[in-house]
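Step one of this worksheet: look at the structure below.
The structure displayed is predicted, hence computed values, not measured ones. These values consider heavy atoms only, across backbone and side chains, with no hydrogens, waters or symmetry-generated copies.
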Amino acid sequence: EAQVTQNPRYLITVTGKKLTVTCSQNMNHEYMSWYRQDPGLGLRQIYYSMNVEVTDKGDVPEGYKVSRKEKRNFPLILESPSPNQTSLYFCASSLSDGSGYTFGSGTRLTVV
Amino acid sequence: GENVEQHPSTLSVQEGDSAVIKCTYSDSASNYFPWYKQELGKRPQLIIDIRSNVGEKKDQRIAVTLNKTAKHFSLHITETQPEDSAVYFCAAYGSARQLTFGSGTQLTVLP
């Protein structure tokens, strides 16, 4: 089944403890992206990647890191999480022309 | 870069009535326009899309229209049902070579 897989689905952590949210797609998509979504707000882009070893900042990159060492994986790294990073996170991927844009199931992160 | 504006931000309709959500885009090179539906706590999912060489596309109760000259596109839902209640996002793919999303519309279908 074609899909974008995010892990974990739910995570509660403490301030300052490094964490990684994984994202993997099995559709051979060139493009991958991370978003955060807060209550009452839309999708805010954190980082995106056009292809392997190519990453760029989105609208809200502060406090986050990403890497794209393999085509299928695009992990989101929070080096020192803070409570204002409590949010619902989505990974997405697509072909280079934007078609097939698919979201993962989401990761609900709580930082206390 | 691309700017996509979506209106209204909230929309309430009576069950059985029609709902229309409108989006405008800024990049004249944009050529792909998908619409996503997001139910509470779930991921956004593609419901319909249209490419710039087509003016209208229908899929049962859902239709999308595109006016390239005016740079706007709209989602039309007819005979609305309670299960249509969700947040809807429009998006446009243009020169930036990635989708730019609108801010979303919360649609509520009242029984």
Side-chain angles (χ1 to χ4, degrees), chain A residues 1-7 9-10 21 23 25 27 29-51 54-60 66 68 74 87-110, chain B residues 1-11 21 23-25 27 29-54 57 64 66 73 75 86-108:
Chain A
E1 179 188 356
Q3 59 186 357
V4 178
T5 303
Q6 282 181 240
N7 280 296
R9 291 291 308 278
Y10 302 91
V21 183
C23 175
Q25 50 92 7
M27 297 168 280
H29 283 170
E30 294 86 8
Y31 178 90
M32 298 186 76
S33 183
W34 276 102
Y35 298 87
R36 63 176 287 172
Q37 187 176 37
D38 300 300
L41 297 178
L43 299 163
R44 293 190 291 169
Q45 189 180 50
I46 302 170
Y47 270 94
Y48 64 97
S49 170
M50 293 290 193
N51 215 322
V54 180
T55 62
D56 280 296
K57 296 178 180 179
D59 299 318
V60 289
V66 293
R68 187 91 182 274
F74 190 45
S87 189
L88 177 59
Y89 291 85
F90 289 104
C91 179
S93 73
S94 77
L95 294 171
S96 58
D97 66 354
S99 60
Y101 209 94
T102 304
F103 287 86
S105 298
T107 295
R108 190 167 293 280
L109 172 66
T110 302
Chain B
E2 175 81 271
N3 182 44
V4 177
E5 294 192 356
Q6 182 172 345
H7 299 281
S9 57
T10 60
L11 178 61
I21 303 170
C23 289
T24 60
Y25 60 97
D27 183 358
S30 293
N31 59 9
Y32 175 61
F33 307 91
W35 285 87
Y36 287 81
K37 175 183 181 181
Q38 185 182 25
E39 297 176 349
L40 190 61
K42 297 189 176 181
R43 77 182 89 184
Q45 293 196 291
L46 178 71
I47 55 172
I48 195 167
D49 57 8
I50 192 168
R51 293 202 177 268
S52 59
N53 58 347
V54 176
K57 183 177 180 180
V64 57
L66 171 65
F73 56 112
L75 177 70
V87 177
Y88 292 81
F89 292 99
C90 64
Y93 181 90
S95 314
R97 298 189 297 126
Q98 61 172 329
L99 283 182
T100 300
F101 286 87
S103 54
T105 296
Q106 173 70 61
L107 173 64
T108 302

Looking only at A:G104, A:G106, A:A92, A:G42, the option with the highest number of non-hydrogen pairs under 4.5 Å against chain B is A:G104
Applying a strict 4.5 Å limit to non-hydrogen atoms, the region of B:A92 in contact with chain A is neither
When the 4.5 angstrom heavy-atom criterion is applied to A:F103 and chain B, the contacting part is both
Rounded to the nearest 0.5 angstrom, the OH-CZ distance for A:Y35 and B:R43 is 15.0 Å
CG of A:D56 to CD of B:Q98, rounded to nearest 0.5 Å, is 8.5 Å
Please tell me whether A:Y101 and B:F101 form a close aromatic pair, meaning their ring centres lie under 6.0 Å apart. yes
Do A:D97 and B:R51 have side chains that get closer than 4.5 Å, going by heavy atoms? yes
Bottom line for B:P44: the part with an atom under 4.5 Å from chain A's heavy atoms is both
Turns out that what part of B:Q106 lies under 4.5 Å from chain A's heavy atoms comes down to neither
Turns out that what part of A:S99 lies under 4.5 Å from chain B's heavy atoms comes down to both
